[in-house]
> 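Sharing a structure below in structure tokens format, with a few things to ask.
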2 protein chains.
Amino acid sequence: MAATSKDDGKAGPRRGGVTLREVARLAGVHPGTASRAINEETRGLVNDATAQRVLAAAEQIGYRPNPIARGLKTSRSHTVGVLIPDLTNPLFPPIVRGIQDRLERDGYTPLIANTDNDAERERGSIDALSARRVDGLLTATAQADSAAFAALAELEIPVVLINRQVLGGNMRSVAPDDRAGVRLAVEHLVGLGHTKIAHLGGPAATSTGALRSESFVETMRRLGLDADPALTVSGGAMTEAEGERLCRQLLAGGAEFTAIVAANDLVALGCYDVFDAEGIDCPGDVSVVGFNDMRFADRFEPPLTTIRIPHTEMGVRAAELLLEQIRDPDSPARHELLEPTLVIRDSTAPPRRDP
Amino acid sequence: MAATSKDDGKAGPRRGGVTLREVARLAGVHPGTASRAINEETRGLVNDATAQRVLAAAEQIGYRPNPIARGLKTSRSHTVGVLIPDLTNPLFPPIVRGIQDRLERDGYTPLIANTDNDAERERGSIDALSARRVDGLLTATAQADSAAFAALAELEIPVVLINRQVLGGNMRSVAPDDRAGVRLAVEHLVGLGHTKIAHLGGPAATSTGALRSESFVETMRRLGLDADPALTVSGGAMTEAEGERLCRQLLAGGAEFTAIVAANDLVALGCYDVFDAEGIDCPGDVSVVGFNDMRFADRFEPPLTTIRIPHTEMGVRAAELLLEQIRDPDSPARHELLEPTLVIRDSTAPPRRDP
DNA sequence: CCCACCGTTGCAACCGTTTGCGCGGCAAAG
DNA sequence: CTTTGCCGCGCAAACGGTTGCAACGGTGGG
């Protein structure tokens with residue numbers, strides 16, 4: 001391969017496009033030959049000298065292969081769809097960033113669509129993406145029972161699930177180890193001396209929500225504590241609004257508690273809101289631990305104790321799994337679990353001795 | 001590959017491919033006619049009854065036009081490139097979201113690339129995007145002097161600048177009214193009684209940075225105050241780290257001040273960091289106002305007084321300007337300014353009477 | 001009655017690349 | 001000096017739509 005970092009002064013990428021034909025003519029070969037020379041995988045089919053001549057010609061006139069034309073012939077678009085609920089949710093930008101960076105390295109381009117967790121929009125996005133002939137799909141939205149989920153399967157293109165996993169399916173996935181995460185959270189709280197711990201869970205229809213809740217009661221039990229059903233509620237989404245609603249519901253229930261493990265950081269923020277409104281001191285009156293360690297979690301009041309998961313890496317791994325499957329559709333399905341870690345800040349403290 | 005004989009009848013398991021030909025055959029017309037019937041703009045050329053027949057046939061077998069093939073012939077990809085510094089910067093997700101939503105309505109798909117404000121990466125992204133034959137470009141990155149900027153112009157495709165404007169150019173742009181924004185900030189501070197106000201500016205090479213700084217000294221002067229040069233510094237980026245650096249520099253300078261107007265919220269957060277480290281009370285010792293009102297600005301400690309700009313709308317308007325230009329390349333260039341508003345929180349207060 | 005014209009549709013040439021096929025020619029084998 | 005094999009390369013047919021052009025039947029005007 002010729003030096004790629006050559007400092008070219010006059011490569012003018014013209015809009016109208018230099019075509020392969022022109023390269024071929026300049027190199028004095030047939031377009032077919034030029035094509036073979038330019039493609040890495042087929043370069044072996046042409047004489048070394050000719051290949052060099054073609055490459056030089058291409059360089060000289062600034063040839064850029066037209067992916068549209070290529071895609072038409074090969075029915076590979078070198079694009080992949082990315083389905084997320086909402087880019088505006090701070091959880092996703094780092095994930096997407098990881099995806100973009102990894103994909104870019106391999107010449108793939110992500111097409112990002114927001115679904116707002118709306119089944120109809122999701123369905124529509126899947127349609128649009130498949131119309132654009134994406135080579136694969138990364139999705140952070142699939143609910144276990146969603147009809148859109150069926151649509152995914154029937155698409156017959158590589159799919160990898162992010163931040164979710166599906167039970168029996170042979171769909172690849174990468175997600176944080178949710179069980180381990182809340183285990184860390186509960187153990188931290190118990191270590192601090194808490195015994196009456198509440199859980200504000202996410203939607204049971206998502207593996208994330210379900211797993212975290214499961215692990216909560218499991219861990220409580222294992223530690224010999226009572227997971228009071230009145231203290232483990234779950235909501236319809238992991239948002240500040242839902243967190244607020246759930247927290248109020250908890251308070252209204254009347255059951256005592258000194259700590260909360262929230263389904264995620266946003267839910268934890270919802271708790272902060274009711275604390276402020278009700279004059280509850282955190283962590284004095286009640287401790288809170290979040291999940292995700294999203295950006296700025298260290299800057300809230302109080303700085304939030306939470307479970308950190310490697311967002312960017314999650315995106316990167318997801319992209320890698322997808323690329324792998326695109327290249328070898330028969331490779332075995334894999335489910336990756338990313339290790340979470342506890343990061344202790346100021347929203348957790350030992351419970352008051354005597355209320 | 002196994003020999004695919006010259007079949008034309010028995011269609012195998014179709015990957016994604018109901019073709020226009022099949023629709024035509026089902027409707028009993030020529031593919032060309034089917035094409036005209038399906039395209040809105042050319043439908044008038046075919047008999048109404050035939051058009052209905054074709055449409056019905058298309059519906060029946062679930063035909064989806066192949067944008068790749070279409071793009072090859074029309075040299076329109078119905079995609080637009082979006083250049084941003086870093087998706088992870090909380091300023092951008094809402095903008096991008098606005099872009100996506102608006103573009104989607106018109107059947108366009110955004111291709112998002114991160115440049116990290118690195119000239120080389122930017123150049124590379126522009127190359128990649130133009131290789132993908134985007135129909136236009138939205139960019140939130142162009143620095144006034146950037147070489148990449150020249151590359152943009154020479155691309156000869158519609159471009160609209162976001163959050164930046166370029167002086168003489170005929171390039172469309174949409175940006176917040178930066179001047180008005182810092183005017184609000186300064187007036188607020190002065191109204192509170194501050195007279196020794198510092199400014200932590202962004203890169204002078206960006207219109208955002210330059211304009212905000214300009215407006216700062218201008219407003220100070222207009223209000224009969226002294227814009228002490230020792231108190232108006234500017235950095236190389238609008239980040240927490242730069243904010244921290246600049247703030248320390250200010251402190252080291254020794255000149256007195258009771259308030260800071262920061263180039264943006266991130267820079268303000270940098271100030272918070274040095275306040276924490278140095279035991280400075282905000283707003284007691286010094287007031288701070290940010291710019292952007294990014295997500296969570298109300299949750300920092302203290303909640304940040306800042307200038308709100310309509311992020312999502314900015315994205316929407318940018319997309320609209322671009323679509324307009326794509327459809328009519330000769331339409332007059334326009335520069336839109338979005339009205340900022342002051343949102344007062346707890347990081348600003350009257351200066352202490354007596355230090 | 002002929003012709004010009006109109007609305008409608010078929011025909012075929014693209015758009016830029018990839019790729020199966022086959023053909024020369026040269027070297028090794030017989 | 002033939003035969004065999006292989007290497008390089010040219011040829012042309014796709015891929016799925018779009019679109020200028022021509023054909024065609026019918027109609028109204030001259």
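Numbered from 1 within each chain, the chains take letters A, B, ... in sequence-line order.
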> Does Asp86(A) use its side chain to pair, donor to acceptor, with the backbone of Thr88(A) at less than 3.5 Å?
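Looks like yes, one N/O pair under 3.5 Å.
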
> How many whole angstroms separate atom CG of Leu72(A) from atom P of dG16(C)?
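Distance, rounded to whole Å: 12 Å.
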
> Quick one: side-chain hydrogen bond (donor to acceptor under 3.5 Å, both in side chains) partners of Thr79(A), sequence neighbours excluded?
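With neighbours one apart ignored, the set is Ser77(A).
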
> How would you list, by chain and number, every residue that makes a side-chain hydrogen bond (donor to acceptor under 3.5 Å, both in side chains) with Thr115(A), sequence neighbours excluded?
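Residues passing side-chain hydrogen bond (donor to acceptor under 3.5 Å, both in side chains) with Thr115(A): none at all.
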
> Tell me, which pairs form a salt bridge (charged side-chain N to carboxylate O under 4.0 Å, His left out) where one or both residues lie in residues 98-112 of chain B, sequence neighbours left out?
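Listed by first then second residue: Arg121(A)-Asp101(B), Arg121(A)-Glu104(B), Arg97(B)-Asp101(B), Arg102(B)-Asp106(B), Arg102(B)-Glu320(B), Asp106(B)-Arg327(B).
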
> Applying ring-ring contact (aromatic ring centres under 6.0 Å, His included) as the test, list every pair that has at least one member in residues 18-72 of chain A; sequence neighbours left out.
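Applying ring-ring contact (aromatic ring centres under 6.0 Å, His included) to every pair that reaches into residues 18-72 of chain A, excluding sequence neighbours, yields nothing.
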
> Check side-chain hydrogen bond (donor to acceptor under 3.5 Å, both in side chains) between Ser331(A) and all other residues, then give those that pass, not counting sequence neighbours.
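For Ser331(A) the side-chain hydrogen bond (donor to acceptor under 3.5 Å, both in side chains) partners, ignoring immediate neighbours, are Arg172(A).
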
> Quick one: list whatever passes salt bridge (Lys or Arg N to Asp or Glu O under 4.0 Å) with Glu324(A), sequence neighbours left out.
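So Glu324(A) forms a salt bridge (Lys or Arg N to Asp or Glu O under 4.0 Å) with Arg334(A).
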
> Taking side-chain hydrogen bond (donor to acceptor under 3.5 Å, both in side chains) as the definition, give me every residue that meets it alongside Thr50(A), ordered by chain and number, with sequence neighbours left out.
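Per chain and number, Thr50(A) pairs via side-chain hydrogen bond (donor to acceptor under 3.5 Å, both in side chains) with no residue.
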
> Would you mind reading off the distance between Glu22(B) atom CD and dC15(D) atom P, rounded to a whole angstrom?
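Checked: the CD to P distance equals 11 Å.
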
> Between the two ends of the helix from dC1(C)-dG30(D) to dG30(C)-dC1(D), what is the bend in degrees, rounded to 10 degrees, where each end axis spans five pairs?
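Nearest ten degrees gives 60° for this helix.
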
> Summarise protein proximity over nucleotides 17-24 of chain D in one line of letters, 5' to 3': B for base, S for sugar-phosphate only, - for none, counting protein heavy atoms closer than 4.0 Å.
BBBB----

> Would you jot down, in residue-number order, the residues of residues 46-57 of chain B having a non-hydrogen atom under 4.0 Å from DNA chain D?
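Hits under 4.0 Å, by residue number: none.
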
> In chain order, what residues pass the side-chain contact (heavy atoms from CB on, under 4.5 Å) check against Ala37(A), with sequence neighbours excluded?
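Residues passing side-chain contact (heavy atoms from CB on, under 4.5 Å) with Ala37(A): Val46(A), Ala51(A), Val54(A).
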
> List the residues meeting ring-ring contact (aromatic ring centres under 6.0 Å, His included) with Tyr108(A), not counting sequence neighbours, and say none if there are none.
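Expected list: His78(A).
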
> Rounding to an integer number of Å, can you tell me how far Arg25(B) CZ sits from dG16(D) C1'?
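That distance rounds to 14 Å.
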
> Which part of the nucleic acid, if any, lies within reach of Leu45(B) when heavy atoms closer than 4.0 Å are counted: base, sugar-phosphate only, or nothing?
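Base, at least one base atom sits under 4.0 Å.
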
